[in-house]
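Structure first, then comments.
We use all heavy atoms of the structure for the numbers below, so side chains are in, but hydrogens, waters and symmetry mates are not. Convention: sequence-line order gives letters A, B, ...; per-chain numbering from 1.
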Amino acid sequence: MEILTLAAKIGAYALMTGVLLFALGVVALRNLFHSALCLAAALIGIAGLYLFFRADFLAAVQILLYVGAVMTVIIFAIMLTEHLSGKTTIQHNRQSLPAFLGIAALVTVIAKVILQTPWPVTQKALGAHTSVEGIGTALMTVYVFPFEVISVVLIAALIGAVIIAKRENPS
Amino acid sequence: MIFDPVFIRLKALFLDLCARFFPEWVVMLASIVISAVVILVMGPVIMMYLTLLERKLLGRIQNRYGPNRVGIWGLLQPVADGIKMFIKEDIVPAHADKIIHLLAPVVTVVPSLMVFLVVPFGNGMTAVNLNIGILYFVAISSITTIPIFMGSWASRNKFSVLGGMRAAAQMISYEAPMTLAIVPVIMASQTLATATIVESQGGGFGMNWFIFTPWGLLGFIIYFFCAIAECNRPPFDLPEAESELIAGFHTEYSGMKFALFYMAEYMNAFTLSAIAVTLFLGGWQGPFLPSWIWFFGKTFLLVCVMIWFRGTFLRFRVDHLMGFAWKFLLPLSLINILIAGLWFLTPAIAAWALTAGLVVASFFVFVKLNKTFVPEKRTYVLAD
Amino acid sequence: MVSLFREKTQRADGQVLEINFGPQHPSTHGVFRLHTLVDGETIREVKPVMGYLHRNQEQISENLTYTGFIGFTDRMDYINAIPNNFSFVLAAEKLAGIEVPERADHIRIIMAELARIVNHMAVVGFLLNDLGAAFTPLLYAFRERELILDIFEDLTGSRMMCNYFRIGGVKSDLSEQHLATIKKMAARLPKFLDEFETLLTNNEILCMRCQNTGILSPETAVNSGITGPALRASGVNYDIRKTDRYSLYGRFDFKVPLGKTGDVYDRYYVRILEIRESLNILRQAVAALPRGEFINKKTAAFIRSPRNFKPPVGEAYARTESPKGELGFYILSDGTPQPWRCHARAPSLINLSALETMCVGQKIADMMIILGSIDIVLGETDR
Amino acid sequence: MSGAGCGKEYGKFVKKSVPFFGWGVLCGLWVTLKNFITSYFRKPDEGGIFTVQYPEECLPDFEASRNFPFLVYDETPEKPRCVACGICERECPVKCIHVLMAKDENGKPLRRPAAFDIDYSLCMNCGNCEEVCPFNSIFMDHEHKIAAYDRKDLMRPMQKLLKSNSYFHSIRPRDAEAIDRAIKEAAEKKKAAVPAKPAPSPEAPKS
């Protein structure tokens, strides 16, 4: 069994490396379409990581929402803006310094949070299995208010989209 | 039923044999490898013979024999086609994005093969009994737009781009009603695992299949239309509309790359039918015959219906297609969830009357609301 | 390829895509190019570009005898050769003032109406293919078409390139056996049409696709010189069989089906109704077929020696209602065995003139079916 | 012009109405299903399988069908009916026939062809050569399997074009009989009118 565990470990690290590489590709590649595809690959990799950590539901939702929906919309946008799809685009501009500062601040905050959080690695936590029923019950009881707020936001977005689409078409 | 678990017994036998000579991890690995190999072989073989079946049935519909030259009843025709595809020149357009052009057909096949993982082929014959089975299926089939995008964008062909756009718009649109049509089934069976959904439809000589309820029937029809749209088959074959876009997103593909696109399409047709069978037609449930025969029989029946549709129907237009999804199927599927809820809340006979009435009424209401779908009545003058 | 819209493309807002449909494209019905500007899926501009199949037929006629050119008219509208023969032969007869025996006229009408049925069935089949049907309606239509082509081959020797009409009559006589086959066909076709209509006419997808797409107003149709079923679908009662009563069409009782909206659906349905009317004429002509000569005695010799046919100096224009519209031949003779000039007024070419009017604002898919519903044959468009 | 062109209205043809949305689609499905089922047991022209398995079975030839021209000889290929008059060459619309009259040593024409080539790749199967031939020598064949790998192979010399009268009888019995009778009558007439006259043109009924 050790061999299987080892293989799984190697697989996990390979997956993480892959995700990082693809994430790098997203910001480094000069072709927007390639960047978008890298983003899709990175997102799929993250879904794989979720799966690895036994968060099946999260993995499926990650693929469904991010890869299936969000990425499709991004690529759609790239293809519609024709002049972007063909040529290579420069991925930096004059705001690189402020951007760098902002990201540095963000990374510091996140790192601090990660370091300060105690990560209790207990047998119980390892064995925990996020079941669909659990998530569903939680959404409908404890988190019902945020859930409803999100749905209101989504409906607002939908209505806005419809209005914008209507305005473009005079007929 | 001796023949029912024959495949499971075979696999168990083999694994037992392994366990005698090898450590435990080899047995586990062997178990995975066997399932994977079976799926990897079955997918392409099913695709090959689906092409033959399609050509044969279309031929009969059109009063001709289909392919009948290669082998008896043309049974070797798919092999001949495969050889032809292999030896064909692989043409890559000069301005194409070479890497993505190559990757697209390869990536296309992956999601279609991955869906096979959760298909319950028979009693206990699911490769991986994921407890999120249906969600997994929905998630995986939502990826299929990306390889189509890749192929259409990398070809640098206007027809391809148009085809890719249509494919993306169509697949996103039909995903919504399809997922919503599945919801009542999940409500009824209270699980997302495919094998358990099938088990909850057992007994009663097939009368417990979800299709024999008003919401099940409506859900099945919605799901089936969406499935046809998802795998780009007529009458929803806009992305590859031959008479408009030549071949849509795979206009610039030839040889084996083209064959891979085709393989993905036919495997999608099969898996989508298989999931339809799982969700609504009782999966492998059925009297007398082994479970896997029931399963494959029902699935191929649905595939034949898809072929029948292809032989009969014309192609939708792009705006009608969108309208059909958003203005007809989506509201119907939402109402269907309500109907399913009512079904579980009301007693038996009242439930039948109420839900059946609601199904019919909502159908007619939405037809009335969608004026563009309803044919005008025309009069023609016969002048002297 | 030089852009036809160079100026306008630059002014457009960058959302516009310039696409060439053709010359090699599955639904341009031959080598034909549709140079289009599309905004997403919506057509902004269409420029039909033809001439890829130009074979110089009018020029060829100037080096051939009149009889020799009849074989070439077959190749103009190659779906239905006989109406082309008809028109050319009528023009030549008008030029030389030749009488046609009644039997020959009857045979001509029988053949022309059979050809009209063949053409309309092929057109509706191809239109359905453009609409995205997987060949089923086309093959059903071709099943019946083959049976009619069998009659053609039995009588004229060729299935499509009939070369059957001769100056003053026809090449060979219609036997009892042929008549029996034609009668059988006339009895069989209504049944087929009923089945065909069950398959299609009320089909919701067909109605959605075809109704109110590619509307051709009667004014535009008349102003663009459009003729044939496309004109009648717009509601204009203009059928040369009725207006000119050439040959013996005045004797037969038939109606002219007219549409109202002038969209693709009307053009489809008017053709179906015309097939039914053609069957009507066919039945009457078969019943009324008199005995007698199948070719004018005086002109029969011209078959053997085509060079003896020297129409007097002059000009003549004769037109017929070919299945695609008004097909006219204008012949200028200088008294030699060859025409000095021969011009064909090809309905396929002239019916294309309103293509852009019909297509602008419609979707790409509509453009293909509008083209299919106009019914062009590139052999006739380009000649 | 709208409506103005409409003549006297005969009557209105009203389309069949549809009971409910989806009916037309169901009807279409019924038609294809019916054709699918009948394709297994009906006769070809009644909804059965209509196609013919070509290399094994062919559609029957019609007597009148014409493909490419060939030349007829009566007894031996050395004595063709053709007299190399060149009318067909002149009247061929596509000019695919090339005739050369044979001449003896003195340059006197021999009334038979020295060469008679037909370019099948040019021929448009119109059958005009058959119509204009005054000697009943050139006819349209039924043979249609003439595909070749090279254009040159479609250039048929006289040796390949000549076929016997019995072959002609086998493909077009009615025409061949009529022509034989006419030739015989013409020969008898010629014999009867002993003082040699110019050969009467054998008037054969063409059909």
When you look at Ile148(B) and Met171(B), which way does the side chain to side chain contact (heavy atoms under 4.5 Å, CB included) test go after all the steps?
CA-CA 11 Å; Ile148(B) 289 181; Met171(B) 282 177 160; 3.7 Å; yes
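Remark: the Glu45(C) side chain and the His35(C) side chain contain no N/O donor-acceptor pair separated by less than 3.5 Å. For the residue pair Thr201(C)/Tyr268(C), the side-chain donor-acceptor check at 3.5 Å is satisfied.
In this structure, the separation between CE on Met121(C) and CZ on Arg271(C) is 13.5 Å, given to the nearest 0.5 Å. Rounded to the nearest 0.5 Å, atoms CZ (Phe313(B)) and CD1 (Ile205(C)) are 5.5 Å apart.
Using a distance-only test at 3.5 Å, with no hydrogens or angles considered, a donor-acceptor pair links the side chain of Arg209(C) to the main chain of Arg315(B). Under a 3.5 Å cut-off, the side chain of Lys257(B) and the backbone N or O of Val92(B) do not form any donor-acceptor pair. Side-chain atoms of Tyr246(C) come within 3.5 Å of backbone atoms of Glu321(C) as a donor-acceptor pair (strictly under, hydrogens ignored).
Ring geometry for Phe300(B) against Phe270(B) counts as tilted: the plane angle lies between 30° and 60°, on a 0 to 90° scale.
Looking at Phe324(B), neither its backbone nor its side chain comes within 4.5 Å of chain C, counting heavy atoms on both sides. Interface residue Arg143(C): only side-chain heavy atoms are found under 4.5 Å from chain B. Heavy atoms of Asp266(C) lying under 4.5 Å from chain B belong to its backbone as well as its side chain.
The shortest side-chain heavy-atom distance between Val38(C) and Lys158(B) does not fall under the 4.5 Å cut-off.
Of all residues spanning residues 132-141 of chain C, those with a heavy atom less than 4.5 Å away from chain B's heavy atoms are Gly132(C), Ala133(C), Ala134(C), Phe135(C), Thr136(C), Leu139(C), Tyr140(C), arranged by number. Scanning residues 58-69 of chain B against chain C with a 4.5 Å heavy-atom cutoff picks out Ile61(B), Gln62(B), Asn63(B), Arg64(B), ordered by number. Residues of residues 217-236 of chain B having a heavy atom under 4.5 Å from any heavy atom of chain C, listed by number: Pro235(B).
Relative to the ring axis of Phe142(C), Arg145(C) places its NZ or CZ within 45° and under 6.0 Å from the centre. Stacking of Arg156(B) on the aromatic ring of Trp153(B) is recorded, both the 6.0 Å distance cut-off and the 45° axial limit being met.
The six-membered or imidazole ring of Tyr262(B) lies near that of Phe258(B), with a centre-to-centre distance under 6.0 Å. A distance of 6.0 Å or more separates the ring centres of Tyr266(B) and Tyr49(B). Aromatic ring centroids of Phe249(B) and Phe149(B) lie 6.0 Å or more apart.
Each of Thr261(C), Asn203(C), Leu199(C) has some count of heavy-atom pairs under 4.5 Å with chain B, and the biggest count is that of Thr261(C). Heavy-atom pairs under 4.5 Å with chain B peak, among Gln24(C), His25(C), Glu277(C), at His25(C). For the set Asp263(C), Leu200(C), Asn129(C), Val270(C), the count of heavy-atom pairs under 4.5 angstrom toward chain B peaks at Asp263(C). Counting heavy-atom pairs closer than 4.5 Å to chain B, the top-ranked of the candidates Asp253(C), Asp239(C), Asn212(C) is Asn212(C).
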What donor-acceptor contacts under 3.5 angstrom involve side-chain atoms of residues 361-372 of chain C, with partners at least two apart or in another chain?
unit_1	atom_1	unit_2	atom_2	d
Asp366(C)	OD1	Arg317(B)	NH1	3.1
Asp366(C)	OD2	Arg317(B)	NH1	2.9
Asp366(C)	OD2	Lys363(C)	N	3.2

